[in-house]
S.K.: 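I'd like to ask you about the structure that follows.
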2 protein chains.
Amino acid sequence: MTEDLKLNMNAYLPLRDVVFNTLREAILRGDLKPGERLMEIQLASQLGVSRTPIREAIRMLEQEGLAVTMPRKGAEVAKMTLKGMEDVLEIRAALDELACQLACERMTEEQLSRLEDKKVIFEKSLQTGNVKVIAEADVNFHDVIYDATGNPKLVNMLNNLREQIYRYRIEYLKNADNYPILIKEHEAIYQSLYNRNKDDAKEAIAIHVENQAIAVKEVIVMQG
Amino acid sequence: MTEDLKLNMNAYLPLRDVVFNTLREAILRGDLKPGERLMEIQLASQLGVSRTPIREAIRMLEQEGLAVTMPRKGAEVAKMTLKGMEDVLEIRAALDELACQLACERMTEEQLSRLEDKKVIFEKSLQTGNVKVIAEADVNFHDVIYDATGNPKLVNMLNNLREQIYRYRIEYLKNADNYPILIKEHEAIYQSLYNRNKDDAKEAIAIHVENQAIAVKEVIVMQG
DNA sequence: CCTCTGTATTTTGTATACAATATTCATTAT
DNA sequence: ATAATGAATATTGTATACAAAATACAGAGG
């Protein structure tokens, strides 16, 4: 209710895209909480646009799994159940393994060195203690691998899955006890990709996702 | 241009959903061809609704990968390039393997016997020579496996991937030479699930998808 | 006091009107 | 003849108006 959502009018994009990005960010940041209703008129007046782009943005959020709409009842921010999160993580594990496998085959030397850079930057980011900075550094690390697959549709799906986890993953990154584990896991992933060893890479990423899964599921159980 | 699209007004659904289903079907049937423009006013008058539900349906098609829109230019039916199809198939192979693996772990006896039924029905359908009947029987067979995963999000993704392939897969099913191969592959998949042998199941489905991949890619190359 | 019902209000669903942009095609100048 | 220009047209982008359904709440009846 106390949302002061604001549009990024910089880019010259259709309003539906601007609204979509704005709402998406708000959901991921937690400004719009799971279960919160997305009322068209309210959002329209808050963002200073008409209902039309709001509606189209909601349709897009819906497909991303970030919103759910019941006919004649309206839309709300998607609530993630434990089961839902397990389902997402199950898929993510498989696609992340695929991504690592493809990256082993296709990664260029330049991408490998970028991956090492991002790995180091991530390690440094942990010292800041700033969760948002850490999360972004982590995303950047994995994005190098995603891009290296050369499969934009896969990248898109992985980004989408990550979004659905992101909100809950933040909690995991707040606990400094996990940092040494994360560093080791990233190192293992990097090394196996460097050696272009598919099996090692798949195992390394599987462990990484599994540890996330444990942590994320705990957060959901807490919130109930 | 000669489309006589008609709405299924049976169900009491929001028009956007009815329009979405109608357009989706039309694209999958090939009535709306890749690259064909989706003009709002034209579609609206053809379907007897206003532009609003058309626009929302297009947003949904867009997220399914069945339509592409360029700002200020409009939407068109997604063209599938060879590269695009390879990307889709790469993902599909991974998720179909995951589905088989999960089905091995979770499939009930009842689902197993349904799978056998669908396998037999598929074999019979081949004798009709009716491609649409065959395609549907094939879909039904695989749907049993998908449902057995108990993961609705995965089912959704697999259906979505299947849609993108469907239009091109039809050609493969027109050639009766392929029928014995399909029967054998389905049998292998069924047997490995029956034995709950994950590795066998993953291998069987991988072969199945790979053979599809070869055929589908040929179709695309033909069409250019 | 509780429940049911009916009305008022809110909210979504759909249609239409208007604005902005892109495309097309004819015209003109080189 | 070809290329550039500009007006006419077509199409999308956005806002608003109206209709239909759901929700909330108050009042009547048990």
Side-chain angles (χ1 to χ4, degrees), chain A residues 1 3 5-24 26-27 32-63 66-79, chain B residues 1 3 5-24 26-27 32-63 66-79:
Chain A
M1 277 306 145
E3 334 293 351
L5 302 175
K6 253 196 189 164
L7 293 181
N8 253 8
M9 291 299 256
N10 312 347
Y12 191 55
L13 282 172
L15 278 183
R16 61 165 173 273
D17 292 319
V18 181
V19 172
F20 170 73
N21 288 326
T22 303
L23 293 179
R24 184 175 152 281
I27 292 172
L32 290 169
K33 299 195 194 331
E36 192 164 338
R37 290 183 68 185
L38 297 172
M39 286 177 291
E40 298 172 5
I41 297 175
Q42 178 192 317
L43 290 172
S45 72
Q46 268 184 47
L47 298 177
V49 300
S50 80
R51 283 174 57 210
T52 309
I54 300 283
R55 287 177 66 82
E56 300 195 36
I58 288 175
R59 291 292 93 70
M60 295 162 82
L61 289 169
E62 203 175 349
Q63 285 290 352
L66 293 177
V68 178
T69 94
M70 284 103 87
R72 304 265 160 208
K73 177 120 184 289
E76 60 179 49
V77 178
K79 287 183 223 174
Chain B
M1 276 303 147
E3 333 293 350
L5 302 173
K6 252 194 189 165
L7 294 181
N8 253 11
M9 291 300 255
N10 312 347
Y12 191 53
L13 282 172
L15 279 185
R16 61 164 173 273
D17 292 319
V18 181
V19 172
F20 170 73
N21 288 326
T22 304
L23 294 180
R24 185 177 153 281
I27 292 171
L32 290 169
K33 301 197 192 329
E36 193 165 339
R37 291 183 66 184
L38 297 171
M39 286 176 293
E40 298 171 6
I41 297 174
Q42 178 193 317
L43 290 173
S45 72
Q46 268 185 46
L47 297 177
V49 300
S50 80
R51 282 174 59 207
T52 309
I54 301 283
R55 287 176 66 82
E56 300 195 37
I58 288 176
R59 292 290 93 72
M60 295 163 82
L61 289 170
E62 202 175 349
Q63 284 291 352
L66 293 177
V68 178
T69 95
M70 283 102 88
R72 304 266 162 208
K73 176 120 184 290
E76 60 179 51
V77 179
K79 287 183 223 173

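Within every chain, numbering begins at 1; the chains are lettered A, B, ... in the order of the sequence lines, protein sequences first and strands thereafter. Here the structure is a predicted model, which means the values were calculated and not measured.
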S.K.: I need the CZ-C1' distance between R59(A) and dG13(D), as an integer number of Å.
M.R.: 18 Å
S.K.: Which heavy atom in L66(A) sits nearest to a heavy atom in I27(A), and how many Å separate them?
M.R.: O-CD1, 3.9 Å
S.K.: Look at the side-chain N and O atoms of R51(B) and state whether any lies under 4.0 Å from the OP1 or OP2 oxygen of dT14(C).
M.R.: no
S.K.: With sugar-phosphate meaning primed atoms plus P, OP1 and OP2, does L38(A) contact a base, only sugar-phosphate, or nothing at under 4.0 Å between heavy atoms?
M.R.: sugar-phosphate
S.K.: Rounding to a whole Å, what distance do you find between M39(A):CE and dG13(C):C1'?
M.R.: 17 Å
S.K.: Starting at atom CD of E76(B), determine the distance to atom P of dT12(D), rounded to an integer number of angstrom.
M.R.: 11 Å
S.K.: Please state how far atom CD1 in I54(B) lies from atom P in dT12(D), giving the value in whole angstrom units.
M.R.: 11 Å
S.K.: Please report, rounded to the nearest Å, how far the C1' atom of dT12(D) is from the CD atom of E62(B).
M.R.: 13 Å
S.K.: Using a cut-off of less than 4.0 Å, is there contact between a side-chain N or O of S50(A) and OP1 or OP2 of dT14(D)?
M.R.: no
S.K.: The side chain of E40(B) lies closest to which of these nucleotides: dG13(D), dA15(C), dT12(C)?
M.R.: dG13(D)
S.K.: What integer distance in Å separates M70(B):CE from dG13(D):P?
M.R.: 12 Å
S.K.: Here's a test for you: under side-chain hydrogen bond (donor to acceptor under 3.5 Å, both in side chains), which of E62(A), E56(A), Q63(A) qualifies with R59(A)?
M.R.: E62(A)
S.K.: Between P on dT12(C) and CZ on R16(B), what's the gap in Å once rounded to a whole number?
M.R.: 10 Å
S.K.: Between L43(A) and L23(A), is the side chain to side chain contact (heavy atoms under 4.5 Å, CB included) condition met? List the steps.
M.R.: CA-CA 9 Å; L43(A) 290 172; L23(A) 293 179; 4.1 Å; yes
S.K.: Using nucleotides 20-24 of chain C, report all nitrogen or oxygen pairs with the protein that are shorter than 3.5 Å.
M.R.:
unit_1	atom_1	unit_2	atom_2	d
dT21(C)	OP1	Y12(A)	OH	3.0

S.K.: Would you tabulate the side-chain donor-acceptor contacts of residues 67-79 of chain B under 3.5 Å, counting partners in other chains and residues two or more places apart, or write 'none'?
M.R.:
none

S.K.: Please report the interatomic distance CD1(I54(B)) to CG(L47(B)), rounded to the nearest 0.5 Å.
M.R.: 5.0 Å
S.K.: With sugar-phosphate meaning primed atoms plus P, OP1 and OP2, does I58(A) contact a base, only sugar-phosphate, or nothing at under 4.0 Å between heavy atoms?
M.R.: nothing
S.K.: I'd like to check D17(A) versus M60(A) (side-chain heavy atoms, cut-off strictly below 4.5 Å). Are they in contact?
M.R.: yes
S.K.: Looking across every strand, which nucleic acid part, if any, lies under 4.0 Å from R55(B) by heavy atom: base, sugar-phosphate, or nothing?
M.R.: base
S.K.: Just the rounded figure in Å: distance from P of dA15(D) to CD1 of I41(A).
M.R.: 14 Å
S.K.: Rounded to the nearest 0.5 Å, how far does CD of E40(B) lie from OG1 of T52(B)?
M.R.: 9.0 Å
